[in-house]
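So the structure is just underneath, and the comments pick up after that.
Since this is a predicted model, take the numbers as computed values, not measurements. Chain identifiers are assigned alphabetically (A, B, ...) following the order of the sequence lines, protein sequences preceding nucleic acid strands; residue numbering begins at 1 within each chain.
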There are 2 protein chains.
Amino acid sequence: MDSSPARRPALDTDPRDVGRRVRALREARGLSLSELARRAGVGKATLSGLENGTRNPTLETLWAVTAQLGVPMTAILVEAGPGAPEPAAVPVMHGTAVAATLLEVFDDGDVTYELYRLDLPAGTEQVSPAHHAGVTEHLTVFAGTLRAGPLDAPLTGGPGDHLSWRSDVPHGYAAPGPDDVRATLLIRYPRP
Amino acid sequence: MDSSPARRPALDTDPRDVGRRVRALREARGLSLSELARRAGVGKATLSGLENGTRNPTLETLWAVTAQLGVPMTAILVEAGPGAPEPAAVPVMHGTAVAATLLEVFDDGDVTYELYRLDLPAGTEQVSPAHHAGVTEHLTVFAGTLRAGPLDAPLTGGPGDHLSWRSDVPHGYAAPGPDDVRATLLIRYPRP
DNA sequence: TACCTTCGTTCCGTTTACGGAACGAAGGCT
DNA sequence: AGCCTTCGTTCCGTAAACGGAACGAAGGTA
C-alpha cells in the first residue's frame, strides 16, 4: 500500500503489537508455532511473519488464527486501554453449559490475563481440563451460587464472593442453586 | 491461503458482511466511495473490492478505512447488536488520576452491578465521595500494587488479590508502588 | 556417539491484494 | 445540444502475502 521507501507505519497500531499479542495468547495456551499453524490451517511462514510483525496479514489469516485461539479478533487488534472500544461480546470456549465471554486480554510481557464473563444457567455443570503449571483462576460472583475449582476440592461462593484456585488440575464450574450464576473470571497465565 | 480450486469461503464470518458494514458506515456519513478512498489513502479498486466482498483485505487496509470512518475496527468486524448502531464513546468516570472504563452493567431489578477496568499511573491518588448506603466495591488487581478503600482504613493488594469494602464512606484509590496499576472494579448498587 | 523429532526461521514459486488508469453511466451547467 | 465533473467498476502491472519445503538448533533416546 505504501510505496514510499521509508515504509512508515501509517497505522495507529503497530503490526508488531498485534504479533506480540498473538504470540502471548499462543504461549499462554502452551501451543507451539508449528502446531497453531497446523490447527489454523495457515503456513508456518505466515504465522511466524504475523507474530514477528514482518507481514501485513489478511483478514482471512487473522480469522483463522484467532478462531483457533478461541478469542475474538478484538483481542489482538485493539490495545487494551482507556478509550479503547468496548470489547466484542463473543461467546467462546469451555463449551456447552458455560457461556464464557472474553471481556479483555492483558498482555504484560511476563504474564497474560484474560477476563471473562461467565453465565451458568441454574443446575448446569461444566468440567475444564487442566491448564499448564502456574495458571490460576480468580472468580468474582455476581449472582447465584457458584461451586467451582479443582474437582477434588471445589469452592463455593455467592454474590460478592471471590474464589481463586490453581487450574493446573482438572476443574469445573457448577450452578447448584436455583438461580442462574453470573460471574467474572480472571485467568492468569504466567510465562512458562 | 486456500489452494483448492473452488475458492470456497473457509471463513467463519463472511467478508461480504464486513463489506456491507463498511458501505453502511460510509453512506451514513454521506461519503462517496471515491472520496473515502482518497481520504483513507487507499485505491478505489481496493475499497470497491472491500465493500463488495471480492477481496481479502489486509490489516493495513482495514485500519486505514476504519480510522477514516472514525470507528474502531470492531465496528466492521463484529455484527452490531440490535440497539447499538453507533459505538458510543466508552463511558469514563472519575476523572483526573484514575481512568475508569465501564465494561458492563448488570441490572437485576433489585441490584445493579457495574464492572469497570481501572488504570492508575504509578504514584497517582484519587478520592471518591461516599455512595449511598449499601453500595459495595469489589476490586481485583491485575498489575502493580494498589491501596484502596475507606480513607480511614485502606486495603492493599498486589496482582491477583481481591479487595472489597463498603463505599458508603469517602474512599480512595492509590498506586503507591513504582508500577502502574491495572484492576477491575465491580460496584454493587442495591436498590435504595 | 549417532539418530530422530520438533522447534522457529528462511527461501522460493505461486497467488493475489494493491494503486493507478481507463471505462461507461449519471447528473449539472451553459 | 455539448461539455465537464463525479460516480462506482474493471483492467492491469507491481508488490507482497501466501503455503510448502528446506534449514540449523535444541532436546530426547538408544
### Summary
Annotated structure of DNA chain C as dot-bracket, pair cut-off 3.5 Å, Watson-Crick or G-U only, | for inter-strand, is ||||||||||||||||||||||||||||||
Between [N] atom [atom2] and [X] atom [atom1], what is the distance in whole Å?
X: B/Leu59; N: D/dC18; atom1: CG; atom2: C1'; value: 16 Å
X: A/Leu47; N: C/dT9; atom1: CG; atom2: C1'; value: 12 Å
X: A/Trp63; N: D/dC18; atom1: CH2; atom2: P; value: 15 Å
X: A/Glu51; N: C/dT9; atom1: CD; atom2: P; value: 7 Å
X: A/Leu50; N: D/dA17; atom1: CG; atom2: P; value: 11 Å
X: A/Leu36; N: C/dT9; atom1: CG; atom2: C1'; value: 16 Å
X: A/Asn56; N: D/dA15; atom1: CG; atom2: C1'; value: 12 Å

List the residues meeting side chain to side chain contact (heavy atoms under 4.5 Å, CB included) with [X], not counting sequence neighbours, and say none if there are none.
X: B/Thr145; value: B/Thr156
X: B/Ala148; value: B/Leu139, B/Leu146, B/Trp165, B/Tyr173
X: B/Asp180; value: B/Pro121, B/Ala122
X: B/Thr54; value: B/Asn52

Contact list (N/O, under 3.5 angstrom) for nucleotides 4-8 of chain D vs protein:
{"unit_1": "D/dC7", "atom_1": "OP1", "unit_2": "B/Ser32", "atom_2": "OG", "d": "2.7"}
{"unit_1": "D/dG8", "atom_1": "OP1", "unit_2": "B/Arg26", "atom_2": "NH1", "d": "3.4"}
{"unit_1": "D/dG8", "atom_1": "OP1", "unit_2": "B/Leu33", "atom_2": "N", "d": "3.4"}
{"unit_1": "D/dG8", "atom_1": "OP2", "unit_2": "B/Leu33", "atom_2": "N", "d": "2.7"}
{"unit_1": "D/dG8", "atom_1": "OP2", "unit_2": "B/Ser34", "atom_2": "N", "d": "3.3"}
{"unit_1": "D/dG8", "atom_1": "N7", "unit_2": "B/Lys44", "atom_2": "NZ", "d": "3.4"}
{"unit_1": "D/dG8", "atom_1": "O6", "unit_2": "B/Lys44", "atom_2": "NZ", "d": "3.2"}

### Message
Could you check whether any side-chain heavy atom of A/Val135 comes within less than 4.5 Å of a side-chain heavy atom of A/Arg166, counting everything from C-beta outward?
### Response
no
#### Entry: Side chains of A/Leu50 and A/Arg55 in contact at under 4.5 Å (non-hydrogen atoms)
no
Distance check: side-chain N/O of [X] vs OP1/OP2 of [N], anything under 4.0 Å?
X: A/Thr61; N: D/dC18; answer: yes
X: A/Arg55; N: D/dA16; answer: no
X: A/Thr58; N: D/dC18; answer: yes

### Message
List the residues meeting salt bridge (Lys or Arg N to Asp or Glu O under 4.0 Å) with B/Arg147, not counting sequence neighbours, and say none if there are none.
### Response
none
### Query
Who pairs with B/Arg38 by salt bridge (Lys or Arg N to Asp or Glu O under 4.0 Å), at least two apart in sequence or on another chain?
none
### Summary
side-chain hydrogen bond (donor to acceptor under 3.5 Å, both in side chains) with A/Arg26: of A/Glu51, A/Gln68, A/Glu35, only one passes, and it is A/Glu51
